[in-house]
**Student:** 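Please read through the structure below; I'll follow up with questions.
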Amino acid sequence: MSNLPGIVITGASGRMGQMLIKTVLDSDKARLVGAVEREGHNWVGQDIGAAMGGADVGVTVTSDALEAFAKAQAVIDFTAPAATIEFSKLAAQARAVHVIGTTGMTEEEMAQLEPSARHAVIVRAGNMSLGVNLLVQLTKKVAAALDDDFDIEVIEAHHHHKVDAPSGTALMLGEAAAEGRGVSLKDVRDSGRDGITGARKKGDIGFTAIRGGDIVGEHDVLFAAAGERIVLRHMATDRAIFARGALKAALWGQGKTPGEYDMLDVLGL
């Protein structure tokens, strides 16, 4: 077991953090070597298994990320943009693969990951699932095949705890649609409609965000023209798909040349 890649999970107490920990503990391809929480959190100093309501697993939750990363071959990080930027620097120091599932990052924040990628492997994606990444490819192909007589709308739904909108996945799909059309998303993005907005501008790519209940994640890409509509859809019913994808990315990154990668690289799409 000791020769298996060691994985550290950041944001250990969060819903995704706990799902990632369970996924690594259940895996026969990796081992859990660290769990990180913010300083002052009541889980710090506890065994992560006990903190999650189960038996001890021999890994103590720590607020010292660098110490944890130094023992790891990979870090899986679904936290917040500011934390992810700092974790990227520490993961680069440890030469650990940094798998980033954090959403809501601005272009400026993503640019701050570039120095770290010169020293270590970063795998960043708005969504880690195989199905969503296939949907991204399909969206690009359909957008390339249809002209701007077809309006494009990305419709996403998530649980009421989600703090960013549009979701990282929705933005991935919007980027794919824009790339298929040969345009920049920032030039055609249409989101946050409210009030008297006027008619939709031809060629725009729209975003609609739904928040409610415990929806794990649903994404539709609608292509609508006069007399016909095409809808591409992905529905997630279990967060485990994201955790399994993130672990796959962490294992894939072992031995790769430093740089920034995404799930399309991991999946060979």
Side-chain angles (χ1 to χ4, degrees), residues 11 14-20 78-81 84 100-107 109-110 124-143 146 148 150-181 183 185-225 228-246 262-263:
R15 282 174 299 171
M16 269 308 302
Q18 294 187 55
M19 180 62 72
L20 287 160
F78 284 65
T79 54
T84 290
I100 300 173
T102 301
T103 59
M105 297 187 76
T106 65
E107 289 187 13
E109 287 168 333
M110 287 186 283
R124 188 188 65 80
N127 193 297
M128 298 284 176
S129 91
L130 170 61
V132 162
N133 283 279
L134 287 171
L135 179 61
V136 168
Q137 294 297 84
L138 289 171
T139 297
K140 188 187 304 183
K141 289 185 177 182
V142 174
L146 302 175
D148 60 8
F150 281 81
D151 297 320
I152 301 176
E153 188 82 8
V154 181
I155 306 155
E156 54 103 342
H158 284 87
H159 52 87
H160 58 213
H161 295 292
K162 188 166 179 62
V163 298
D164 58 307
S167 68
T169 303
L171 292 171
M172 283 173 61
L173 294 166
E175 291 282 4
E179 186 176 342
R181 282 197 166 166
V183 297
L185 180 60
K186 69 176 184 293
D187 294 332
V188 296
R189 176 173 167 175
D190 178 13
S191 56
R193 304 186 195 100
D194 186 32
I196 306 301
T197 61
R200 181 184 181 122
K201 183 180 175 184
K202 188 171 184 177
D204 275 0
I205 296 174
F207 291 85
T208 300
I210 298 166
R211 297 289 177 267
D214 62 354
I215 301 169
V216 173
E218 300 177 4
H219 294 85
D220 289 359
V221 185
L222 169 68
F223 298 84
E228 60 181 331
R229 285 175 288 174
I230 300 166
V231 181
L232 305 178
R233 168 172 287 185
H234 180 271
M235 300 177 68
T237 58
D238 188 346
R239 283 185 184 80
I241 65 171
F242 310 128
R244 289 194 295 267
D262 59 24
M263 283 302 290

**Student:** Work out which heavy atom in G104 is nearest to a heavy atom in P81; give both atom names and the distance.
**Tutor:** O-CG, 3.8 Å
**Student:** To the nearest 0.5 Å, tell me how far L185 CG sits from E179 CD.
**Tutor:** 11.0 Å
**Student:** Between L222 and R229, is there a side-chain heavy-atom distance shorter than 4.5 Å?
**Tutor:** yes
**Student:** Would you say the side chain of V154 lies within less than 4.5 Å of the side chain of T139, judging by non-hydrogen atoms?
**Tutor:** no
**Student:** For D214, does the CG atom sit with more than 12 other heavy atoms under 6.0 Å from it, leaving out its own atoms?
**Tutor:** no
**Student:** Filter on salt bridge (charged side-chain N to carboxylate O under 4.0 Å, His left out), then keep only pairs touching residues 156-170, sequence neighbours left out; what's left?
**Tutor:** E156-R211, K162-D164
**Student:** Give a yes or no on whether the backbone of T106 and the side-chain of E109 come within a donor-acceptor separation of less than 3.5 Å.
**Tutor:** yes
**Student:** Could you pull out the closest heavy-atom pair between F207 and A170, with the gap in Å?
**Tutor:** CE2-O, 3.3 Å
**Student:** I want to check something: taking the side chain as every heavy atom from C-beta on, are M263 and M172 in contact at a cut-off of under 4.5 Å?
**Tutor:** no
**Student:** Please lay out, stage by stage, how L146 and I230 fare under the test side chain to side chain contact (heavy atoms under 4.5 Å, CB included).
**Tutor:** CA-CA 11 Å; L146 302 175; I230 300 166; 3.9 Å; yes
**Student:** List in chain and number order the residues that pass side chain to side chain donor-acceptor pair (under 3.5 Å) with N133, two or more places apart in sequence or in another chain; answer none if no residue qualifies.
**Tutor:** none
**Student:** Where is the tightest heavy-atom contact between R189 and L171, given as atom of each residue plus distance?
**Tutor:** NH1-CD2, 3.6 Å
**Student:** Applying side chain to side chain donor-acceptor pair (under 3.5 Å) to T169 and H234, what does each step give before you reach the verdict?
**Tutor:** CA-CA 11 Å; T169 303; H234 180 271; over 6 Å; no
**Student:** Determine the minimum heavy-atom distance between D190 and D204, stating which atoms define it.
**Tutor:** CB-OD2, 3.9 Å
**Student:** Would you please name every residue forming a salt bridge (Lys or Arg N to Asp or Glu O under 4.0 Å) with D151, sequence neighbours left out?
**Tutor:** R200
**Student:** To the nearest 0.5 Å, tell me how far I152 CD1 sits from L232 CG.
**Tutor:** 10.0 Å
**Student:** According to side chain to side chain donor-acceptor pair (under 3.5 Å), who are the partners of Q137, at least two apart in sequence or on a separate chain?
**Tutor:** none
**Student:** Dump the intermediate steps for side chain to side chain contact (heavy atoms under 4.5 Å, CB included) on H158 and H219, then the final yes or no.
**Tutor:** CA-CA 9 Å; H158 284 87; H219 294 85; 3.4 Å; yes
**Student:** Looking at every non-hydrogen atom in both residues, tell me the closest pair between A246 and F78 and how far apart they are.
**Tutor:** CB-CE1, 3.9 Å
**Student:** Please name the pair of heavy atoms, one in A243 and one in M19, separated by the smallest distance, quoted to 0.1 Å.
**Tutor:** CB-CG, 3.7 Å
**Student:** Just how far is it from atom CZ of R244 to atom CG of L20, taken to the nearest 0.5 Å?
**Tutor:** 11.5 Å
**Student:** To the nearest 0.5 Å, how far apart are CE in M110 and CZ in R124?
**Tutor:** 4.5 Å
**Student:** Which residues satisfy the side chain to side chain donor-acceptor pair (under 3.5 Å) test with D220, sequence neighbours excluded?
**Tutor:** R233
**Student:** Hey, mind stepping through T102 and T79 against side chain to side chain contact (heavy atoms under 4.5 Å, CB included) and telling me if it holds?
**Tutor:** CA-CA 5 Å; T102 301; T79 54; 3.9 Å; yes
**Student:** Kindly compute the distance separating OG (S167) from CG (L173), expressed to the nearest 0.5 Å.
**Tutor:** 7.5 Å
**Student:** Would you say that E218 contacts I210 through its side chain, given a criterion of any heavy-atom pair below 4.5 Å between the two side chains?
**Tutor:** no
**Student:** So, using side chain to side chain contact (heavy atoms under 4.5 Å, CB included) as the criterion, who are the partners of T208 when residues are at least two apart?
**Tutor:** E153, I155, R193
